[in-house]
2 protein chains.
Amino acid sequence: MLVRQVANLLDLIEYFAERGKPASLAEISQHFGWPRSSTFNLLSTLGRRGFLFEPEARGRFYPTPRWLALAQTIVAAAPLPDALLRLARDLAERSGETICVGAAAGTSVVFLDVIQSTNRVRYAPEVGQRIPLHATASGHAIMSQWSEAQRAALLRKVVFERYGSGTPMSIEAVEDQIRAGLQRGWFRSASNYSVDLGGVSLPLIVADRIFSVTVAGPMSRMDTAMFKIAQDMHDAVARQFGASYLRTEIKGLTTPPLETLTAPL
Amino acid sequence: MLVRQVANLLDLIEYFAERGKPASLAEISQHFGWPRSSTFNLLSTLGRRGFLFEPEARGRFYPTPRWLALAQTIVAAAPLPDALLRLARDLAERSGETICVGAAAGTSVVFLDVIQSTNRVRYAPEVGQRIPLHATASGHAIMSQWSEAQRAALLRKVVFERYGSGTPMSIEAVEDQIRAGLQRGWFRSASNYSVDLGGVSLPLIVADRIFSVTVAGPMSRMDTAMFKIAQDMHDAVARQFGASYLRTEIKGLTTPPLETLTAPL
DNA sequence: CGGGATTGTCTACATATACGAACAGATCGG
DNA sequence: CCGATCTGTTCGTATATGTAGACAATCCCG
């Protein structure tokens with residue numbers, strides 16, 4: 001069950017982030033189609049707790065910097081591992097494509113860090129965006145590090161739906177793609193979830209936490225480059241985490257066949 | 001009426017900020033005494049929206065950096081005026097006491113920015129903390145810039161309660177203190193709300209938004225220093241906002257009688 | 001490896017809660 | 001200055017919602 005008022009609050013926060021200036025109760029209730037009284041209750045709850053204030057003399061509201069203070073505290077207390085962030089930056093520079101750091105959230109992957117490609121045509125996701133675990137390279141990378149049981153429990157919940165030409169449409173298809181990824185040494189998707197989007201992904205385990213790092217871009221560029229990108233990713237991981245990291249820390253992952261590397265494109 | 005689930009969410013965020021590491025559903029439900037099913041609903045709502053993720057393989061949750069991204073966007077879009085922040089820093093250095101920038105929120109003042117004194121014994125508030133509008137120097141400063149009608153509407157709602165020896169106990173008492181503040185050229189409180197706490201406050205209007213700036217500390221230090229501090233505050237405002245700012249922008253405020261300034265303490 | 005304890009998930013029901021409507025203040029234009 | 005219109009606020013009630021409880025899956029320890 002979805003907690004409505006909580007969802008409403010999240011909507012409201014996003015509304016303020018987009019809007020960027022104070023809003024009156026009437027504006028808010030009109031924008032969302034909420035009853036004025038309900039809007040009033042929501043706003044006053046936030047006000048009473050110090051999360052909303054009234055910059056102008058009367059009747060316009062805006063979120064307090066308290067949100068920022070709490071968010072900073074939360075991120076600072078359990079930050080993304082430094083090596084992970086360095087890896088992402090490193091990859092962004094070398095590949096020129098968009099880099100996404102992800103982790104599991106329910107049946108999805110959430111992006112925790114995103115570095116967008118500077119390319120005109122690019123994959124342009126945002127921090128907090130979610131994509132399905134079962135149908136994406138990022139998701140396969142993460143699930144590859146789970147136990148059989150965990151994977152089974154997750155996949156049982158999935159309702160399979162065709163997003164693109166590469167979408168796996170059964171539990172077995174997903175397991176196949178994961179197995180292939182482990183043997184290949186990297187995970188790939190090609191129009192699995194977003195049409196015309198290709199990605200190369202690796203799982204990373206840092207301090208018992210499971211992350212995915214993904215290089216993603218339009219199929220036109222990714223198609224022939226995937227293997228080279230995977231190679232670069234292994235190199236970058238070796239630089240940031242040490243040479244033996246992928247072999248020793250990442251469950252079941254094969255190191256890629258260096259000797260078959262094609263000439264850089 | 002208070003929206004319970006929203007209040008719960010705020011509690012949860014604060015919980016994570018304090019805790020600083022992932023928590024399981026069971027830990028959360030125990031900590032707050034919430035039913036497991038309700039906790040589940042709350043957590044899954046947040047997960048579905050990309051505000052919570054599961055760093056470890058299974059069943060522990062932590063807020064996503066999305067909170068931070070949104071909070072940064074919100075603050076960046078409507079930042080506290082630069083001159084105001086400079087003023088606060090300036091005052092912190094000169095006075096050595098705690099500086100609070102406040103604005104109205106319902107019947108309270110919320111602190112939007114706080115610079116804590118480096119003094120061992122000091123007033124130690126936090127961003128987002130609230131104090132009553134009617135019983136504090138900050139509140140009086142803000143209300144002094146409202147219309148009669150707005151002030152009346154606010155004061156009608158107040159239930160008067162004695163917080164300290166200086167607490168005004170009637171609408172008239174509050175109006176008296178505000179009137180006195182305007183004539184004096186600065187607002188003061190002495191154990192009005194927090195016992196043994198004294199403060200000097202000025203209202204500031206920047207881009208149609210009403211703020212208060214307050215220098216606050218223990219009565220032992222503030223008592224005899226208030227006038228000097230008020231004087232310094234006027235000087236600092238003149239530096240940051242221009243010499244005529246207080247006279248022209250701030251409704252009804254008298255510039256303080258410079259000639260009666262006592263020797264610096 | 002197997003039994004017990006713990007944790008997460010689902011569903012039906014009683015109740016706390018969000019909503020509609022009516023009120024009161026404020027704002028605006030004439 | 002007055003009336004009309006639009007805001008914010010309060011209240012009673014019908015109903016959407018949170019909760020108890022049972023189940024299922026997982027983990028842990030002997």
Side-chain angles (χ1 to χ4, degrees), chain A residues 1-9 11-12 22-48 52-62 104-107 143 146-159 171 208, chain B residues 1-9 11-12 22-48 52-54 56-62 104-107 143 145-159 171 208:
Chain A
M1 176 186 278
L2 208 103
V3 183
R4 179 117 73 97
Q5 293 296 343
V6 168
N8 287 353
L9 172 54
D11 287 336
L12 184 66
S24 69
L25 190 154
E27 283 169 329
I28 294 168
S29 78
Q30 274 166 32
H31 178 259
F32 289 105
W34 296 338
R36 286 214 307 287
S37 54
S38 306
T39 308
F40 175 70
N41 290 337
L42 179 54
L43 294 181
S44 39
T45 301
L46 290 170
R48 291 236 193 118
L52 220 55
F53 76 107
E54 298 158 45
E56 292 150 39
R58 206 73 205 290
R60 327 210 83 200
F61 300 86
Y62 201 70
T107 60
M143 280 195 293
W146 290 1
S147 68
E148 298 285 343
Q150 283 168 350
R151 236 166 30 227
L154 187 283
L155 290 175
R156 224 178 296 128
K157 286 189 235 161
V158 171
V159 277
I171 294 181
D208 290 327
Chain B
M1 178 184 280
L2 207 103
V3 183
R4 180 117 71 95
Q5 293 295 346
V6 168
N8 287 354
L9 171 55
D11 287 335
L12 185 66
S24 69
L25 190 154
E27 285 170 327
I28 294 168
S29 78
Q30 274 165 32
H31 179 260
F32 289 106
W34 296 339
R36 285 214 308 287
S37 54
S38 306
T39 308
F40 174 70
N41 290 338
L42 179 54
L43 294 181
S44 42
T45 302
L46 290 170
R48 290 236 193 120
L52 218 55
F53 76 109
E54 298 159 43
E56 292 150 40
R58 205 74 204 290
R60 330 209 83 204
F61 301 86
Y62 201 72
T107 60
M143 281 196 293
Q145 300 306 300
W146 290 1
S147 68
E148 298 284 341
Q150 283 168 348
R151 237 167 28 227
L154 186 286
L155 290 175
R156 227 178 293 126
K157 286 191 236 160
V158 172
V159 274
I171 294 180
D208 289 327

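Chain letters run A, B, ... following the sequence lines, proteins first and then strands; every chain starts at 1.
- In the interface, the side chain of B:Ser24 is not paired with the base of C:dG8 through any donor and acceptor atom under 3.5 Å apart.
- Here the C1' atom of nucleotide D:dT9 and the CG atom of A:Leu25 are 9 Å apart, to the nearest Å.
- Map B:Arg4 and A:Ala26 each onto its nearest nucleotide of DNA chain D; the residue landing nearer the 5' end is A:Ala26.
- If you measure from atom CH2 of B:Trp146 to atom C1' of C:dA26, you get 14 Å, rounded to the nearest angstrom.
- The nearest whole Å value for the distance from the CG atom in B:Asn41 to the C1' atom in D:dG21 is 14 Å.
- Out of D:dA20, D:dG8, D:dA25, the shortest distance to the side chain of A:Arg156 is found at D:dA25.
- Comparing B:Arg36 and B:Gln5, the nucleotide of DNA chain D nearest to each residue sits closer to the 5' end for B:Gln5.
- Summary of the strand contacts: B:Ala152 and B:Val3 both lie near DNA chain C, and taking for each the nucleotide with the nearest heavy atom, the more 5' one is attributed to B:Val3.
- Considering only heavy atoms from C-beta on, B:Thr45 stays 4.5 Å or farther from B:Leu9 through its side chain.
- Considering only side-chain atoms of B:Ala149, the nucleotide from D:dT9, C:dA26, D:dA20 that sits closest is C:dA26.
- Taking the side chain of A:Gln30 as heavy atoms from C-beta on, and the options C:dG20, D:dG21, D:dT7, the nearest nucleotide is D:dT7.
- No donor-acceptor pair under 3.5 Å is formed between the side chain of B:Ser29 and the backbone N or O of B:Thr39.
- For the pair B:Glu56 CD and D:dT26 P, the computed distance is 17 Å after rounding to whole Å.
- Between the side chain of A:Ser37 and the base of C:dA18, no donor-acceptor pair of N or O atoms lies under 3.5 Å.
- When the P atom of C:dA26 is taken as reference, atom CZ of B:Arg151 falls 13 Å away, rounded to whole Å.
- Between A:Lys157 atom NZ and D:dA25 atom C1' there is a gap of 11 Å when expressed in whole angstrom units.
- Expressed to the nearest 0.5 Å, how far CD of A:Glu56 lies from CD of B:Gln145 amounts to 14.5 Å.
- One distance of note links CG of B:Leu52 with CG of B:Leu12; it measures 7.0 Å at 0.5 Å rounding.
- Comparing C:dC10, D:dT26, D:dT9 by their nearest atom to the side chain of A:Phe40 picks out D:dT9.
- With distances taken from any side-chain atom of B:Gln150 to the nucleotides C:dT27, D:dG8, C:dA18, the minimum falls on C:dT27.
- Whole-Å rounding puts the B:Leu42 CG to C:dG8 P distance at 14 Å.
- Distance B:Leu154 CG to D:dG8 C1': 14 Å, rounded to the nearest Å.
- Closest to the side chain of A:Ala153, from the set D:dT26, C:dA26, C:dA18, is D:dT26.
- Interatomic distance, CD1 of A:Ile28 versus CG of A:Leu43, reported as 4.5 Å (0.5 Å rounding).
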